[in-house]
Protein chains: 2
Amino acid sequence: MGLAKTEKFTDQQNEIARFAKVFGHPARVSILQHLFKIDACVCGDLVDEIGLAQPTVSQHLKELKQLGLIKGNVEGTKVCYCIHKENWVAMKKVLIAFLDQDLPINPDCC
Amino acid sequence: MGLAKTEKFTDQQNEIARFAKVFGHPARVSILQHLFKIDACVCGDLVDEIGLAQPTVSQHLKELKQLGLIKGNVEGTKVCYCIHKENWVAMKKVLIAFLDQDLPINPDCC
DNA sequence: AATATTAATCGTAATATTGCGATGAATAAA
DNA sequence: TTTATTCATCGCAATATTACGATTAATATT
């Protein structure tokens, strides 16, 4: 199968999973951290930073772009990437709401 | 390949990815939300709640247990699950630190 | 125009994930 | 002791993901 039965879950649950999934690979975590560190557009040097082959990095960038977490603009022969701020804030809200649920006050039960 | 090259990334990046990955499937999100909602041990009725076959739910529970996010105790013919609070808090700290990075003040560059 | 540079896309191989039926182990109930 | 219940594990099929070499498209440089 290998296919998540999304129709069995709520839109909210599927959205949380979709966002979380993109962070489920260290290369994408690394790309995002680099974009945050640079605090601006990164043009071209991403492949050297990440340490994977160019097609592989390109593929991870595509996934990040598809989810709307980064923007990419062609700049001559280079492409410049940066965090999509509005979408990042929206995603953050969704995931933190899930992570930050109140923990039971009850003592441990099991 | 299908194999993440973890050795190319920092321990922190791999840890973030490992945690995020487990939330990358709506069934696991659903299981965790249910455990939070019940606010206690859930004994037995998880399969009905989630809507997937029993072996499938069992497998998702196993992954959550392996990452330490839930505890499971045998209670007769039933097994009782609940959130592992300390580990949840620790995981939350790691993921929120990643999500909550400061956004550039700069106007959009691309 | 010819060449170089950059990054997307295609194709493919290797591995991982998801889902479930069948089975098994363990306890409870009769 | 027999039967029922519950859940873990095994084994398999279907699909997804990861990685990269080869190629392509686009612009820059000479």
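Being a predicted model, the structure only gives us computed values, none of them experimental.
One interatomic measurement links the two molecules: NZ of A/K62 to C1' of D/dA16, which rounds to 14 Å at whole-angstrom precision. B/H25 has its NE2 atom 11 Å from the P atom of D/dT17, to the nearest Å. Between A/N73 atom CG and C/dA8 atom P the separation is 12 Å, expressed in whole Å. One atom, CE of B/M1, and another, C1' of D/dA16, lie 16 Å apart when rounded to the nearest Å. Rounding to whole angstrom units, CZ of residue A/R18 and C1' of D/dA16 are separated by 16 Å. Taking atom CG of B/L61 as the reference point, atom P of C/dC20 lies 14 Å away to the nearest angstrom. For B/Q59 and D/dT6, the CD to C1' distance is 18 Å, given to the nearest whole Å. At whole-Å resolution of the value, CD in A/E7 and P in C/dT18 are 15 Å apart.
Side chains of A/F98 and A/K93 form no contact here, defined as non-hydrogen atoms less than 4.5 Å apart. Looking at B/I31 and B/Y81, their side chains never come closer than 4.5 Å, going by heavy atoms from C-beta outward. With contacts defined as side-chain heavy-atom distances shorter than 4.5 Å, the pair A/L99/B/M91 qualifies. In this structure, A/Q54 and A/V47 have side chains that are in contact, with non-hydrogen atoms separated by less than 4.5 Å.
In this structure, a donor-acceptor pair under 3.5 Å is absent between the side chains of B/Q33 and A/Q101.
Checking the phosphate oxygens (OP1, OP2) of C/dA8, a side-chain nitrogen or oxygen of A/Y81 falls inside 4.0 Å. Checking the phosphate oxygens (OP1, OP2) of D/dC20, a side-chain nitrogen or oxygen of B/K5 falls inside 4.0 Å. Taking side-chain N and O atoms only, A/H60 has a distance below 4.0 Å to OP1 or OP2 of D/dA19. Between A/S58 and the phosphate of C/dA8, there is a side-chain N or O to OP1/OP2 separation shorter than 4.0 Å. Look at A/K21 and you won't find any side-chain N or O under 4.0 angstrom from OP1 or OP2 of C/dT17.
DNA chain D is contacted by both B/K8 and B/K65; B/K65 maps to the nucleotide lying nearer its 5′ end (nearest heavy atom per residue). Comparing A/T6 and B/L3 by the nucleotide of DNA chain C that holds the closest heavy atom to each, the one mapping nearer the 5' end is B/L3. Checking B/V79 against A/G24, the closest nucleotide of DNA chain D that is more toward the 5' end is the one next to B/V79.
In summary, the aromatic rings of B/F36 and B/W88 are positioned with their centroids under 6.0 Å apart.
With a 3.5 Å ceiling on both atom-pair distances, the Watson-Crick or G-U wobble partner of C/dA29 is D/dT2.
The B/A4 side chain lies nearest to D/dA19 when the options are D/dT6, C/dT18, D/dA19. Listed nucleotides C/dA28, D/dT27, C/dA8 differ in distance to B/T77; the shortest reach to its side chain belongs to C/dA28.
Contacts between residues 46-57 of chain A and DNA chain D, defined by a heavy-atom separation below 4.0 Å, involve A/L52, A/A53, A/P55, A/T56, listed by number.
Nearest heavy-atom pair, A/R28 versus A/K21, reported as atom, atom and distance to 0.1 Å: NH2-O, 3.5 Å.
Distance check for B/C82 and B/C41: the SG atoms are not under the 2.5 Å cut-off.
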